[in-house]
Amino acid sequence: MVRHLNIFGHVQGVGYRYHFMEQAQALGIRGWVRNRRGGSVEAVIAGSPEAVEAMIGWARRGPAAAQVDRIDVGETEGAFSGFDLRPTE
C-alpha cells in the first residue's frame, strides 16, 4: 500500500520530519518526507496496510511541539528501498 500525505498546521520548525522518519522506520515504512515552501509537510509512505494506517494515525498527532490541523491522504504509486528526508520543495 502506498499513500501520499500533505500535512498542514504548525509542522515546520518543530522536528516533525525527523520524528516522522523515526516513526516510519520503527513501523517498517519506506518512502520519503520533506518540507514544502508553503509551510506544510509532504510525504509518500509505503508498507503493509496496517503499518501505513498506523503511520497516518501518528501523522495526525505528530511530535509534541506540532499542531496538525489537517492531513490530505491520497493514493499513489512508487517503490522505495528505505526512508529518506528530501530537501524542501
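Keep in mind the model is a prediction, meaning the values are calculated, not measured.
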Checklist entry - Taking it one step at a time, do Glu89 and Arg34 satisfy salt bridge (charged side-chain N to carboxylate O under 4.0 Å, His left out)? => result CA-CA 7 Å; Glu89 184 174 292; Arg34 68 177 163 207; 3.1 Å; yes

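Across Val68 and Gly62, no two heavy atoms sit closer than the pair CG2-N, 4.4 Å. Counting all heavy atoms, side chain and backbone alike, Ile7 lies closest to Phe20 at CD1-CE1, 4.3 Å. The minimum heavy-atom distance linking Ile71 with Val73 is given by the pair CG2-CG2, 3.6 Å. Tyr16 and Ala59 make their closest contact through OH-O, 2.8 Å (heavy atoms, listed as atom of the first residue, atom of the second, distance). Between Val33 and Ala43, the shortest heavy-atom contact is CG2-CB, 4.0 Å. Closest of all the heavy-atom pairs between His4 and Val44 is CD2-CG2, 3.6 Å.
Remark: Arg70 qualifies as a cation-pi partner of Phe8 under the 6.0 Å distance and 45° angle criteria applied to the six-membered ring.
In this structure, the side chains of Thr76 and Arg3 stay at 4.5 Å or more apart for every pair of heavy atoms.
To the nearest 0.5 Å, atoms CZ (Phe83) and CZ (Arg30) are separated by 11.0 Å. The distance from atom CD1 of Ile56 to atom CG of Leu5, rounded to the nearest 0.5 Å, is 5.5 Å. For the atom pair CZ of Arg61 and CD of Gln23, the computed distance is 7.5 Å after rounding to the nearest 0.5 Å. Atoms OG and CG, from Ser40 and Asn35 in turn, are 8.0 Å apart once rounded to the nearest 0.5 Å.
Partners of Arg86 by salt bridge (charged side-chain N to carboxylate O under 4.0 Å, His left out), not counting sequence neighbours: none found.
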